[in-house]
Colleague: 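Sharing a structure below in structure tokens format, with a few things to ask.
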Amino acid sequence: MIVGNWKMHKTIAEALEFLKKLPSGLCAEDIYLAVPFTALSSVADAAGTKLKVGAQNVSEHKEGAYTGEISIRMLKEAGATFSLVGHSERRTYYHETNQSIAHKLKACLQQGFKPILCIGETASERKAGHTQAVLEKQLSEGIQGLTSEEVLCLAVAYEPVWAIGTGHTATAEMAQETHKLCRELLKKRYTADIAAKIPILYGGSVNPNSIEQIIQQPDIDGALVGGASLEVDSFVKIVTIAREYKS
Ligand code: 13P
């Protein structure tokens, strides 16, 4: 499962230019693209079966007086099938908490909309030896109250904050260790079978050079790609390499 996150990049025209260059042989099964709200509808129309289109954030509320927010129903109508939830940039700049993230996950899953829960520690948390505690808290508080059936539609993305946009990917061993930890926690909460079925993606400076090592790890089921998803060439290379190892 490869997910591109365009963040606040690309107008509608630029997004359509990207779609036009995308090879027609791609298949939507395992390729996801989280685009800005404004480009959702146009990209979903143009994407056809090439990829799944989604949002980068979603409201936990169904509708009402929430200025500036976008509901799941609005996203679905625009052609989105999934949303990132709790990206570290939203936690840092917009003060999203584990509790509000849990509400968003529940709302998505109750309305048949796939959420990708993002978790990750900062450089100082890692340095202080708090990585495990931080991730356990983000993951367990995020998924609180989800039934077995609901959690099976979830994907988790581990994105160490210090690796995002820095060019410094976590080593494959470091990422595997953390992914294993997440898998164990899911196993404890649910069952080994359920834990094995939930995709856990790695994110943080993934590019065509780093994906090969990362994707070979047993508990890494895909990648969440920021910068390298903005160019067709690098995005398609990542998809192609990942498929070689995981198909
Ligand atoms: P980069 O791939 O640019 O480091 O971004 C990662 C990310 O935040 C994806 O959600």
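On a predicted model such as this, the values are computed, not experimentally measured, just so you know. Just so you know, these numbers use all the heavy atoms, side chains as well, and skip hydrogens, waters and symmetry mates. Indexing begins at 1, ligand by ligand and atom by atom, following the structure's order.
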Colleague: For ligand 1, find out whether one of its N or O atoms is nearer than 3.5 Å to an N or O atom of G165.
Modeller: yes
Colleague: Please write down residue, atom name and distance for the protein heavy atom closest to atom 9 (C) of ligand 1.
Modeller: E159 OE2, 2.8 Å
Colleague: Could you tell me whether ligand 1 has any atom less than 4.0 Å away from a heavy atom of G204?
Modeller: yes
Colleague: Have a look at ligand 1 and work out which part of I164, if any, has a heavy atom under 4.0 Å from it: side chain, backbone, both or neither.
Modeller: both
Colleague: Under the ring-ring contact (aromatic ring centres under 6.0 Å, His included) rule, what do F113 and F82 come out as? Steps first, then yes or no, please.
Modeller: CA-CA 6 Å; F113 194 64; F82 77 95; 7.6 Å; no
Colleague: Starting from atom 2 (O) of ligand 1, locate the nearest protein heavy atom and write down its residue, its atom name and how far away it is, to 0.1 Å.
Modeller: G226 N, 2.9 Å
Colleague: Can a donor-acceptor pair be found, under 3.5 Å and without considering hydrogens, that links the side chain of K10 to the backbone of L230?
Modeller: yes
Colleague: Before accepting this row, confirm whether a basic side-chain N of the pair K197/D221 lies closer than 4.0 Å to the acidic partner's carboxylate O.
Modeller: no
Colleague: Counting each atom of ligand 1 from 1 as listed, which ones have a heavy atom of H87 under 4.0 Å away?
Modeller: 7 (C), 8 (O), 9 (C), 10 (O)
Colleague: Considering only heavy atoms of S205, which atoms of ligand 1 have at least one such atom less than 4.0 Å away?
Modeller: 1 (P), 2 (O), 4 (O)
Colleague: Among R183, K180, K187, which residue meets the salt bridge (Lys or Arg N to Asp or Glu O under 4.0 Å) test with D219?
Modeller: R183
Colleague: Which protein non-hydrogen atom lies closest to atom 5 (O) of ligand 1, naming both residue and atom, and how far is it?
Modeller: K7 NZ, 3.3 Å
Colleague: With distance as the sole test, does R126 use its side chain to make a donor-acceptor pair with the main-chain N or O of T131 at under 3.5 Å?
Modeller: no
Colleague: Between T92 and E89, is a side-chain hydrogen bond (donor to acceptor under 3.5 Å, both in side chains) present by the stated rule, with each step listed?
Modeller: CA-CA 5 Å; T92 306; E89 285 148 20; over 6 Å; no
Colleague: Hey, does E96 have a side-chain heavy atom less than 4.5 Å from the side chain of K104?
Modeller: yes
Colleague: Could you find the nearest protein heavy atom to atom 3 (O) of ligand 1 and give me its residue, atom name and distance?
Modeller: G227 N, 2.8 Å
